[in-house]
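Start at 1 and go down the list; that is how both ligands and their atoms are numbered.
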Amino acid sequence: MMWFNKLIASILPHMPKNLVWIFSKRYIAGRTIEDAVRVSKQLNTDGYMVTIDLLGEFITKLEEAEKNRDQYINIIETIQKNGIDGNYSLKPSMFGLLLDEEACYRNIREIVQKAVDYGNFVRIDMEDSQCVDMEIRLFRKLKKEFPKNVGLVLQAYMRRTLDDIKNLSDMHSKDNRLNFRLCKGIYVEPEKIAYKKYEEVNRHYLEDLEYILKTGIYPGIATHDIPLIEGAYRLLKKYNVPKDRYEFPMLYGVAPALRKSIIEKGHRLRVYVPFGEDWFPYSTRRLKENPKVASDIMKAMFVRR
Ligand SMILES: Cc1cc2nc3c(=O)[nH]c(=O)nc-3n(C[C@H](O)[C@H](O)[C@H](O)COP(=O)(O)OP(=O)(O)OC[C@H]3O[C@@H](n4cnc5c(N)ncnc54)[C@H](O)[C@@H]3O)c2cc1C
């Protein structure tokens, strides 16, 4: 079935957008901020924290970056006014990272400042390998200025990641802990710089996580992979990590039963809630990872709803 999933995944970008929306909508809160508020309130009621993400990435004109920045600042206002228990995630390429690094920093700085006004927190998502050095630089700069209000994502599939964590440790202290979301990594990267095999990625994930926990860095243990979650439980026990020193982030629409089982064990869990008009690239990445994508798509094409 693997080859069939791959085939379906490769034709997704060429399918009509309305058809792709049918399978995509489970991964997206909706197109508007009202949708994000509604979904987040429900998740809060169900016992989950959230992180809000306005969809969009890899813009081609700097004016778009400014528009996105202003939109994000309004989003923060709305989310805060609605009393949502959540923070913010963003992709730097949406604020001009690949066009003008300095302008991107200034745009994101304004967003972080807005979150800081509410005592809140912004997480910088990690994008593909061309962005890694720049995103680490951006994080360093922001962390210096807002020591308690910014975090970064690191990808266990990158061969460099453990070194990156070690290098960034100069910014870590008991009063101002580093805060990393650790995920496997979603972009297609060459073998020269990234581990490709499932076992290899998982081994490095747990190695990175162990280093993070040993050092007292705050991790977001971002995975839906049961062996990794079980590995994380073992490490949390081994290092006797207090419940408020880590969290399990999971993606909206993925593995809700697993999500529930994690909070039932008393761990804190944060759901990543993406929303917005620019849903296509994010959703197709999610669909490609879904082991059931082929059967879901076949069902949607042939079963009347
Ligand atoms: C909160 C959060 C934030 C993230 N941020 C980033 C980021 O900034 N940069 C980045 O590169 N990556 C990011 N990712 C994506 C991540 O890198 C992985 O690609 C993704 O989480 C799938 O890996 P996995 O650990 O769940 O393991 P996998 O081995 O891919 O999946 C394990 C199991 O989870 C279930 N599953 C996984 N994905 C789906 C899906 N789409 N639909 C249905 N079931 C699914 C399946 O049961 C699968 O067998 C993030 C992930 C999370 C959870």
Side-chain angles (χ1 to χ4, degrees), residues 1-2 5 8-9 12 20 23-29 43 48-53 55 57-58 86-94 97 122-132 135-136 138-139 151-158 161 164 179-189 193-206 208-209 219-232 246-259 261-262 268-274 281-297:
M1 209 56 178
M2 266 302 272
N5 272 334
I8 293 275
L12 271 174
V20 180
F23 335 109
S24 296
K25 59 182 188 223
R26 66 177 276 201
Y27 298 118
I28 312 287
L43 287 164
Y48 306 106
M49 304 176 285
V50 297
T51 187
I52 305 286
D53 172 58
L55 290 164
E57 53 196 276
F58 300 111
N87 61 28
Y88 306 95
S89 292
L90 54 78
K91 291 190 171 35
S93 73
M94 188 180 172
L97 186 76
V122 176
R123 167 96 52 204
I124 300 167
D125 282 358
M126 188 57 82
E127 299 177 87
D128 63 8
S129 55
Q130 63 177 329
C131 300
V132 177
E135 292 187 1
I136 289 178
L138 175 69
F139 169 72
L152 184 66
V153 176
L154 293 164
Q155 300 154 321
Y157 69 5
M158 294 297 284
T161 289
D164 286 336
N179 185 322
F180 294 145
R181 179 198 298 149
L182 183 64
C183 63
K184 288 192 187 187
I186 175 65
Y187 302 92
V188 181
E189 302 291 356
I193 57 168
Y195 304 111
K196 303 298 272 184
K197 297 196 186 84
Y198 171 85
E199 289 77 16
E200 231 178 4
V201 175
N202 277 22
R203 183 156 47 81
H204 286 94
Y205 188 106
L206 291 175
D208 296 343
L209 182 61
I221 306 163
T223 179
H224 320 93
D225 198 11
I226 291 169
L228 283 188
I229 290 170
E230 284 172 350
Y246 65 91
E247 64 189 49
F248 284 91
M250 285 176 63
L251 300 173
Y252 181 68
V254 180
L258 176 62
R259 180 167 92 192
S261 78
I262 294 176
R268 293 183 316 144
L269 195 147
R270 186 180 301 279
V271 180
Y272 186 98
V273 178
Y282 176 87
S283 315
T284 43
R285 284 201 295 273
R286 293 284 83 78
L287 287 167
K288 286 179 192 173
E289 304 182 300
N290 183 345
K292 271 176 64 253
V293 69
S295 60
D296 283 356
I297 289 179

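- Between Y272 and ligand 1, no pair of N/O atoms sits closer than 3.5 Å.
- Atoms of ligand 1 lying under 4.0 Å from any heavy atom of I186, numbered from 1 in the order shown and given with element: 10 (C), 11 (O), 12 (N), 17 (O), 19 (O).
- Summary of contacts: the protein heavy atom closest to atom 48 (C) of ligand 1 is P291 CG, 4.1 Å.
- Looking at C183 next to ligand 1, no N or O pair under 3.5 Å apart turns up.
- Shown here are the side chain to side chain contact (heavy atoms under 4.5 Å, CB included) partners of R285, two or more places apart in sequence or in another chain: E57, K91, I186, Y187, P281, Y282.
- L206 approaches A232 most closely through the heavy-atom pair CD2-N, 4.1 Å.
- For the residue pair D125 and E135, the shortest heavy atom distance occurs at O-OE1, 2.8 Å.
- Residues F58 and D128 are in side-chain contact: their nearest non-hydrogen atoms beyond the backbone lie under 4.5 Å apart.
- Of all atoms in ligand 1, numbered sequentially from 1 with element shown, those under 4.0 Å from a heavy atom of Y27 are 40 (C), 41 (N), 42 (N), 43 (C).
- Atom 12 (N) of ligand 1 is approached by the protein to below 4.0 angstrom, counting heavy atoms only.
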### Task
Take H224 and I229, measure what side-chain contact (heavy atoms from CB on, under 4.5 Å) needs, and give me the verdict at the end.
CA-CA 7 Å; H224 320 93; I229 290 170; 5.6 Å; no

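- Counting only heavy atoms from C-beta outward, the side chains of L55 and M94 never approach each other to under 4.5 Å.
- Nearest residue to atom 15 (C) of ligand 1 from R286, R285, K184, Q155 is R286 (criterion: closest heavy atom).
- Rounding to the nearest 0.5 Å places CG of D208 at 11.0 Å from CD of Q155.
- In terms of polar-atom proximity, R181 is counted as a contact of ligand 1, with an N or O under 3.5 Å from an N or O of the ligand.
- Closest to atom 8 (O) of ligand 1 among all protein heavy atoms lies M126 N, 3.1 Å.
- Using a 4.5 Å heavy-atom threshold, the side chains of P92 and F139 count as separate.
- Atoms of ligand 1 found under 4.0 Å from any heavy atom of V153, numbered from 1 in the order shown, are 7 (C), 8 (O).
- From the protein, the heavy atom lying nearest to atom 26 (O) of ligand 1 is H224 ND1, 2.7 Å.
- At the top of the distance list for atom 2 (C) of ligand 1, counting protein heavy atoms only, stands L251 CD2, 3.4 Å.
- Note: no N/O pair closer than 3.5 Å links Y187 and ligand 1 by distance alone.
- Considering only residues two or more places apart in sequence or on other chains, Y195 meets the ring pair (Phe, Tyr, Trp, His ring centres under 6.0 Å) condition with H204.
- Contact between Y246 and F248 at its shortest, heavy atoms only, is CE1-CE1, 3.8 Å.
- Residue, atom and distance of the protein heavy atom nearest to atom 25 (O) of ligand 1 are T223 OG1, 2.6 Å.
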### Task
Determine, step by step, whether V254 and R259 satisfy the side-chain contact (heavy atoms from CB on, under 4.5 Å) criterion, reporting the C-alpha distance in whole Å, the side-chain angles of both residues, the deciding distance to 0.1 Å, and the verdict.
CA-CA 9 Å; V254 180; R259 180 167 92 192; over 6 Å; no

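- Residue-ligand proximity, D125 to ligand 1, at heavy-atom distances under 4.0 Å covers atoms 8 (O).
- Here atom 32 (C) of ligand 1 lies nearest to D225 when heavy atoms of V254, V271, D225 are compared.
- Applying the 4.0 Å criterion to heavy atoms of G185 picks out, from ligand 1, the atoms 11 (O), 16 (C), 17 (O), 19 (O).
- Partner of N87 under the side-chain contact (heavy atoms from CB on, under 4.5 Å) criterion, out of T51, V122, I52: T51 alone.
- When hydrogens are left out, the protein atom nearest atom 1 (C) of ligand 1 is P249 CB, 3.6 Å; that is the closest non-hydrogen contact.
- Nearest protein heavy-atom contact of atom 19 (O) of ligand 1 is E289 OE2, 2.5 Å.
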